[in-house]
Amino acid sequence: MALKIHNPEFAHPSEAEFAHILDFYGVEWDYEPTSFPTQWDGDRVTEMFTPDFYLPQLDLYIELTTLKQSLVTRKNRKLRRLRELNPDINIRLLYRRDFHRLLAKYGFGPLANSETPVIDRVLIGTSQIAIRTAELGREISKDYRHKKPVLVGVLRGVFCFMADLMRQITVPMSVDFMSISHYGNEDSAVKITKDLDMELESRHVLMVEDIVDTGMTLNYLLDYLRAKNPASLEVCTLLDKRARRLTDNTLKYVGFEIADEFVVGYGLDYMEEYRNLPFIGILKPDEGDAANRAQNKSPK
Ligand code: 5GP
């Protein structure tokens, strides 16, 4: 896909970083393309709202706000007004916290600056995972009777879930894996680093994911798999962070819908660690650690 050459003057470094992430996943964007009037005095426009980004393929506006949560009330009011005046508009506000969590998965932001991230709590326990995986296995076995599905996993986060899920599937099936590059490495765009070994033409393909967050990875992968002309293509994900979704893909099988927290364990990593935890836990910067370092940095 041809991407536009962008070189806008970004108002904030976080906007430039966000634009890089979109470029990496091949999501087209325009920076501040439209100003929407939100208030008038007679014929005169007295207030406008200019969302930071427009993503034309997704018909989605994004407003990135790196202000403290307590300072966003005014922006929220403007956003409400914008939605009242343009009920069909598709707009998402990404708060500072959302943005930091987005960065966390690429190894940047406050989590990366914390010397000792901590498991704050267990979000989904080992037996809960096992019970839900068995339910999904039963559902998939029923839906794919006589279809000999190919389960396609994207390495590496999915390996625990794939291993457990496939052992709960009682119909004949095969499995294949691929892997892709991640944002933050030297590549400027996402690419396949390990391709599939099997032919997918006319096969019933079930893509198995560990977690779907913004959906940008999944979007890229589904386009790639669709081009192989499978007889059908569906998605099964263990975790669905729906609150953060930017794309619009149907997830046929979902283990758990989770809130917007950075999770590790059961195959999911942070900088290649924590994959061996038998549960899914929430990883947070150690706040004591961050506070200590802030103190050490303060002028003497
Ligand atoms: P998306 O492209 O949907 O934003 O992100 C999907 C990928 O980001 C997942 O396959 C996973 O590798 C990573 N990811 C997203 N959220 C999390 C999370 O909370 N924890 C971990 N460990 N990885 C995540």
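Predicted model only: the values in this text are computed from it and were never measured. Ligands are counted one by one from 1 in listed order, and the atoms in each one are counted from 1 as well.
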Visitor: Can you tell me which residue among Leu151, Val152, Val235 is in a side chain to side chain contact (heavy atoms under 4.5 Å, CB included) with Val205?
Guide: Val152
Visitor: Does the residue Gly157 have a heavy-atom contact with ligand 1, meaning some pair of atoms that are separated by less than 4.0 Å?
Guide: no
Visitor: What atoms in ligand 1 come closer than 4.0 Å to a heavy atom of Leu268?
Guide: 21 (C), 22 (N), 23 (N)
Visitor: Touching ligand 1 at all, Tyr270? Heavy atoms, strictly under 4.0 Å?
Guide: no
Visitor: Apply side chain to side chain contact (heavy atoms under 4.5 Å, CB included) to residues Met216 and Leu22 and explain how you reach the verdict.
Guide: CA-CA 8 Å; Met216 289 194 284; Leu22 294 172; 3.8 Å; yes
Visitor: Main chain of Thr193, side chain of Ser179: is a donor-acceptor contact present, judged purely on distance under 3.5 Å?
Guide: no
Visitor: Among Asp210, Ile282, Asn219, which one has a heavy atom closest to atom 12 (O) of ligand 1?
Guide: Asp210
Visitor: Are Asn219 and Asn249 packed together at the side-chain level, in the sense that at least one heavy-atom pair is separated by less than 4.5 angstrom?
Guide: yes
Visitor: Give the residue and atom name of whichever protein heavy atom lies nearest to atom 8 (O) of ligand 1, and the separation in Å to one decimal.
Guide: Lys105 CD, 3.5 Å
Visitor: Do the charged groups of Glu139 and Lys142 touch, with an N to O distance under 4.0 Å?
Guide: no
Visitor: Pick whichever of Thr237, Leu221, Ile211 has a heavy atom sitting closest to atom 11 (C) of ligand 1.
Guide: Ile211
Visitor: Suppose we measure from atom 22 (N) of ligand 1 to each protein heavy atom; which comes out shortest, and what is that distance?
Guide: Asp269 O, 2.7 Å
Visitor: If you take the centroid of each ring, where Trp contributes its six-membered ring, are Tyr31 and Phe53 closer together than 6.0 Å?
Guide: yes
Visitor: Just need the protein heavy atom nearest to atom 16 (N) of ligand 1, so name the residue and atom and give the distance.
Guide: Lys241 NZ, 3.3 Å
Visitor: For ligand 1 and Gly215, I'd like to know whether there is a polar contact (N/O to N/O, distance under 3.5 Å).
Guide: yes
Visitor: Do Leu155 and Phe177 have side chains that approach each other closer than 4.5 Å (heavy atoms only, starting at C-beta)?
Guide: yes
Visitor: With respect to atom 6 (C) of ligand 1, which of Leu218, Asn249, Thr217 exhibits the smallest heavy-atom separation?
Guide: Thr217
Visitor: Is there side-chain contact between Phe36 and Ile89, with heavy atoms separated by less than 4.5 Å?
Guide: yes
Visitor: Considering non-hydrogen atoms of the protein only, which is the closest contact for atom 21 (C) of ligand 1, and what is the distance?
Guide: Val263 O, 3.3 Å
Visitor: Is Val212 close to ligand 1, meaning an N/O of one under 3.5 Å from an N/O of the other?
Guide: no
Visitor: Roughly how far apart are Thr126 OG1 and Gln128 CD, rounded to 0.5 Å?
Guide: 9.5 Å
Visitor: Side chain, backbone, both or neither: which applies to Glu261 and ligand 1 if a contact is any heavy-atom pair less than 4.0 Å apart?
Guide: backbone
